[in-house]
Every structure is written in structure tokens, then in C-alpha cells.
Amino acid sequence: MRQAAKLLIFFMLLSGVMHAQTRTLDFFIDQAKTNSPVIKDYTAQLQSAGLDSSLLDASRKPQVDAIGMVMVAPTYHNYGYDGAVTNGGNYEAIASVTQPIFAKKLYAPQYEEIRIGKESIANSSAISAHDISKDVIDQFITAYSSFREYSYNSSVLKLLRDEEGLLTDLTSHGIYLQTDLLSFELELKTQQVAANQSYFNYRNELGQLNILCGISDTAYYELSAPSIEKTAPMQKVSPFIFQFAIDSFRLVNQRAMLDVRYRPHFNWFADAGLISSSPATIYRNFGLSFGISFIMPLYDGHQRNIQYQKIGINENIRMNYRNYFVGQQSMRVLQLQTQIDRQKKLVQQQQELLNISQQLINADKVLLEKGQLSVTNYIVAIKNHIDIQAQLNRAEVDELILVNQLNYWNW
């Protein structure tokens, strides 16, 4: 039963590794962006903004309406509406057409508003995609760390299994005590539990990665080592900063739209049909009319200047936010660069410790197989090696996360 349990756990841990496929960081980033409802929303908003431009084009074309009305105002013994006003009734059936003219400058701010809106949507979409990449990379690093822990615990478990048979044989020949063998088997079982737990931790983190990327999959996959290097700051304007520029464009255009309201507006119009006050004379009341209308605001209580003041206040608010963001971003980048440099030194130190620990394990293994080393000392060396490996894993993960944050703000 004991051997069967060992084999069951061993094959459970290693069955996935034997036939597992490998997935890369780029795969998960692509899947997350493809499945993201936010990205799809922005894509739909861009399509809608394109239709807004078409609607504005259509509004500049002649607008044709059909108008019909039958109005009867009966009187009784001189009681009722005054016939001089109502003519006893009104009968209309006309088609009218109207179109603005000399309106290129009047429509320009509206087209500009649509263009700015498209830029804002595209920029927000780019920032959202950048946010998605950062979140996926962070989770991938966490999952890959769990995978490394599982792989390492499995390798240590295999190492102990390889020594179990030899130690049992040496104990039967009296070279080691039975208590030494029991201590070794206790460490072996402890490592079995650790390998089992790390396997489940990895499957959980892999599941969280799939959920984050919108992937409906519960299969086992190995993760390839992520290649995350520090990137230089963007040569062009960062989308983070460009968002403030878009807000500036919008404020400038608001002023232009305000100015347009105080320009003269011209429309030409025409209609044709019939307008009559009596059914008896309808056949003589067919006709047409045409003309030009003109509107120009003259006085509105200085609303224009008040609106200018509001736009100026909003521009000051925008500049305050922009300057604050730029200062904070510079501080973040500087702090992250310092942290990464320190973390690299820590990783190097942990790597040196691991190399020394591995040499000690190799030497102790030879002595153990010759019966010249106590089992207790070998177990202590194994535990120390496991601790150093875990510390190195955490240090490398922390460095990758810091690099990912730096790349995020350097974008």
C-alpha cells in the first residue's frame, strides 16, 4: 500500500509534465487583448464615431420635408373663431427643402470635435491594451514562479527517491541505524507533500491566468521562461501624456464652437404645394416660395465672455493634473530603476549561495552513498538548499515584477 501510494503521487505529479504543451507569455497577452470586452468596446466606439462624421455630412445636405394640414374652424350664428383670422379653415400640402449655405467654417469645429473624439478613443484603447499587458505579465510571472517551485520540488523529490533504495540497503547492512532511515523517509514524505502542494498552487495560478485572459481551458500547460527586459522610454509622446494633449485640443475646440455661435448663419429654403383657406378654391392655390434666411446673435448678456472664463479655468485644471502626473511619473521611474539595481545584486548573491549549496549537496551525496555522512546532516543540507532556492525564486520574481512596472511607466 505504501509503495502504491508513492507511485500514485509520483505519477500524478509527473503525468502532466510528460505530455504537457508549453505556452508563452506572448500567447496569453494576445489572447487577453483578443478576448477583452474593453478593447472590443473601444473598437465599436471608433466605428460609431465614424458614423457621427457621416451624420454630420448628411446634415449639410438639403433637408426635404413633406407637410400636410387640414384645419377647419366652424362657426354657428356668428359664434366661433373670428373668420378674419381663420378664414374658416386651412388646407396645406407642401414639400419644403432647406440647406445651410456659407457654412464651412460653422461646421469645422464639429468635424474637429469628432476627430478629437476618435483620437481620444484610440488613445484610451491603447492605454487599456497596455494595462492588460501589464496585468497579464504580472500574473504570468506569478504562475511561472509557481511552476518553477513545482519543478524544483519535483526534482528534489526525485533526488530523495534515488537515494531511498541505497539508504535502505546500507541500513540493512548496519552502516546506518533504523532511526536514520526513518528520518530520511520522513523527509521524503515531507517533500512529497511539498511537491503535491506546489503542483496544486501552480494549477491554481495557471487557472487565474486563463481567467484573466478569457481562456476557457482547464488543461495542464507548462510555461516557458518569460523574457522581460528593461525598455527605454518612448521616443514619441507617451499615450499617458498624449491624453492631456487631447484634453487641451478639446478645450481649444470648445472655444471655436463657442465662437461659431456668434457668426451669421445663412440658409436657403424653398417649398412647393398648395395652401388654401377654402376647398372651393384649392385648384387655384397651388404655388411655390423660396428665399434665404439670416440669423446673427447681437446680445446675450455677455455669455460668451463667461464661457471663455470657464474654458480658461478648465485649462488651468488640466495643466495642474498634467504637471503633477509628469512629476510623479519621473519619480516612479527613478525609484523603480534604483529598486531594480538593488534587486539584481540580491539575485546575484542568492545565485552564489545556491551554487555553493549545490556543490555541498553533490559532495554530501557521495559521502552518504559511502556511509561516511550522517543522514541528519544530509537532510539539513537538503532543507537549506530548498530554502535558498525558494529565496532565489522570490528574488527573481520580484525583479521581473519591478522591470514590468518600469516598462509600464516608461511606455
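Here, residue 1 is the first one in the sequence, and each next residue gets the next number.
A side-chain N or O of S276 and one of N285 form a donor-acceptor pair less than 3.5 Å apart. Checking T231 against N410 by side-chain atom types alone, no donor-acceptor pair falls below 3.5 Å. For the residue pair D57 and Y107, no side-chain donor N or O sits within less than 3.5 Å of a side-chain acceptor on the partner. No side-chain donor-acceptor contact under 3.5 Å links N123 and S120. Q21 and E222 form no side-chain donor-acceptor contact under 3.5 Å, judged by distance and modelled atom types alone. Side-chain contact annotation: N201 with E205, donor-acceptor N/O pair under 3.5 Å absent.
Closest approach of N153 and A194 over heavy atoms only: ND2-O, 3.6 Å. Across all non-hydrogen atoms, the minimal contact from N253 to P109 is ND2-O, 2.9 Å. Pairing each heavy atom of S133 with each of I29, the nearest pair is OG-CG2, 3.7 Å. Residue Y144 comes nearest to A225 through the heavy atom pair OH-CB, 3.3 Å, listed as atom of the first residue, atom of the second, then distance. Among all heavy-atom pairs drawn from F269 and I292, the shortest one is CE2-N, 3.5 Å. Residues L46 and A122 come closest through the heavy atom pair CD2-N, 4.2 Å.
To the nearest 0.5 angstrom, S125 atom OG is 9.5 Å from D41 atom CG. Here the straight-line distance linking atom CD1 of I275 with atom CD1 of I94 works out to 5.0 Å at 0.5 Å rounding. With rounding to the nearest 0.5 angstrom, the CD1 atom of I211 is 10.0 Å from the CG atom of L206. Atom CD of Q197 is separated from atom CD of Q192 by 14.0 Å, given to the nearest 0.5 angstrom. Annotation: the span from Q191 atom CD to L160 atom CG amounts to 6.0 Å, rounded to 0.5 Å. Rounding to the nearest 0.5 Å gives a distance of 10.0 Å between OH of Y199 and OG of S154.
Counting non-hydrogen atoms of other residues, nucleotides and ligands closer than 6.0 Å to OH of Y262 gives a total above 12. Heavy atoms from other residues, nucleotides or ligands lying under 6.0 Å from CZ of F325 number more than 12. Atom CE of M319 has more than 12 heavy atoms from other residues, nucleotides or ligands within 6.0 Å.
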I379 and S183: CA distance, side-chain angles, deciding distance, side chain to side chain contact (heavy atoms under 4.5 Å, CB included) verdict: CA-CA 8 Å; I379 292 175; S183 297; 4.1 Å; yes

Intermediate values then yes/no, side chain to side chain contact (heavy atoms under 4.5 Å, CB included), Q343 and V403: CA-CA 10 Å; Q343 197 66 29; V403 171; over 6 Å; no

Check against side-chain hydrogen bond (donor to acceptor under 3.5 Å, both in side chains), N90 and E92: CA-CA 7 Å; N90 192 17; E92 296 182 15; 3.1 Å; yes

Criterion side-chain hydrogen bond (donor to acceptor under 3.5 Å, both in side chains) on E149 and N393, from CA distance to verdict: CA-CA 8 Å; E149 182 180 356; N393 189 36; 5.0 Å; no

Check against side chain to side chain contact (heavy atoms under 4.5 Å, CB included), Q339 and L336: CA-CA 5 Å; Q339 289 178 305; L336 286 169; 3.6 Å; yes

CA sep, side-chain torsions, deciding dist, call: F184, E164, side chain to side chain contact (heavy atoms under 4.5 Å, CB included): CA-CA 8 Å; F184 184 86; E164 183 182 20; 4.0 Å; yes

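A salt bridge is defined here as a Lys NZ or Arg NE, NH1 or NH2 lying under 4.0 Å from an Asp or Glu carboxylate O, and R304 with D259 meets this definition. The residues R115 and E112 are annotated as salt-bridged, a charged nitrogen and a carboxylate oxygen being separated by less than 4.0 angstrom. Between E163 and K365, at least one side-chain nitrogen of the basic residue sits less than 4.0 Å from a carboxylate oxygen of the acidic one, meeting the salt-bridge criterion. Taking 4.0 Å as the cut-off between side-chain N and carboxylate O, D341 and K345 do not count as a salt-bridged pair. A salt bridge between K118 and D52 is absent, with no side-chain N of the basic residue lying under 4.0 Å from a carboxylate O of the acidic one. A salt bridge between D138 and K134 is present, with a side-chain N of the basic residue lying under 4.0 Å from a carboxylate O of the acidic one.
A donor-acceptor contact shorter than 3.5 Å links the side chain of Q329 to the backbone of W409. T281 places no side-chain N or O within donor-acceptor distance of the main-chain N or O of R284, the cut-off being under 3.5 Å. Of the possible donor and acceptor atoms, one in the side chain of H265 sits under 3.5 Å from a partner among the backbone N and O of R263. N35 places a side-chain N or O within donor-acceptor distance of the main-chain N or O of Q31, the cut-off being under 3.5 Å. Put simply, the side chain of S59 gets close to the backbone of L56: a donor and an acceptor are under 3.5 Å apart. Although no hydrogens or angles enter the test, the distance criterion places a donor-acceptor pair under 3.5 Å between the side chain of Q99 and the main chain of R60.
With a 6.0 Å cutoff to the six-membered ring centre and a 45° limit on the axis angle, R322 does not count as a cation-pi contact of F244. A cation-pi geometry, defined here as NZ or CZ lying under 6.0 Å from the six-membered ring centre and within 45° of its normal, holds between R255 and Y308.
Counting heavy atoms from C-beta on, the side chains of I317 and I313 come closer than 4.5 Å. H385 is listed as a side-chain neighbour of Y152, based on a closest heavy-atom distance under 4.5 Å. Between K105 and V260, every side-chain heavy-atom pair lies at or beyond the 4.5 Å cut-off. Contact annotation: the side chain of L106 never approaches that of P100 to less than 4.5 Å [non-hydrogen atoms, C-beta and beyond]. Side-chain contact between S248 and E315 is present, with heavy atoms from C-beta onward closer than 4.5 Å. Between Y91 and M71, the closest side-chain pair of non-hydrogen atoms is not below 4.5 Å. Counting heavy atoms from C-beta on, the side chains of R148 and E396 come closer than 4.5 Å. Taking 4.5 Å as the limit, some side-chain heavy atom of L25 sits within range of a side-chain heavy atom of I137.
Among residues two or more places apart in sequence or in another chain, the side chain to side chain contact (heavy atoms under 4.5 Å, CB included) test is passed with S277 by N87.
Ring geometry, Y408 versus H130: the interplanar angle falls under 30°, so the pair is classed parallel (tilted spans 30 to 60°).
For the pairing with F294, the ring-ring contact (aromatic ring centres under 6.0 Å, His included) check across W268, F102, F266 returns one residue only, F266. Of the residues L346, I388, L392, I356, the one that meets the side-chain contact (heavy atoms from CB on, under 4.5 Å) test with Q351 is L392.
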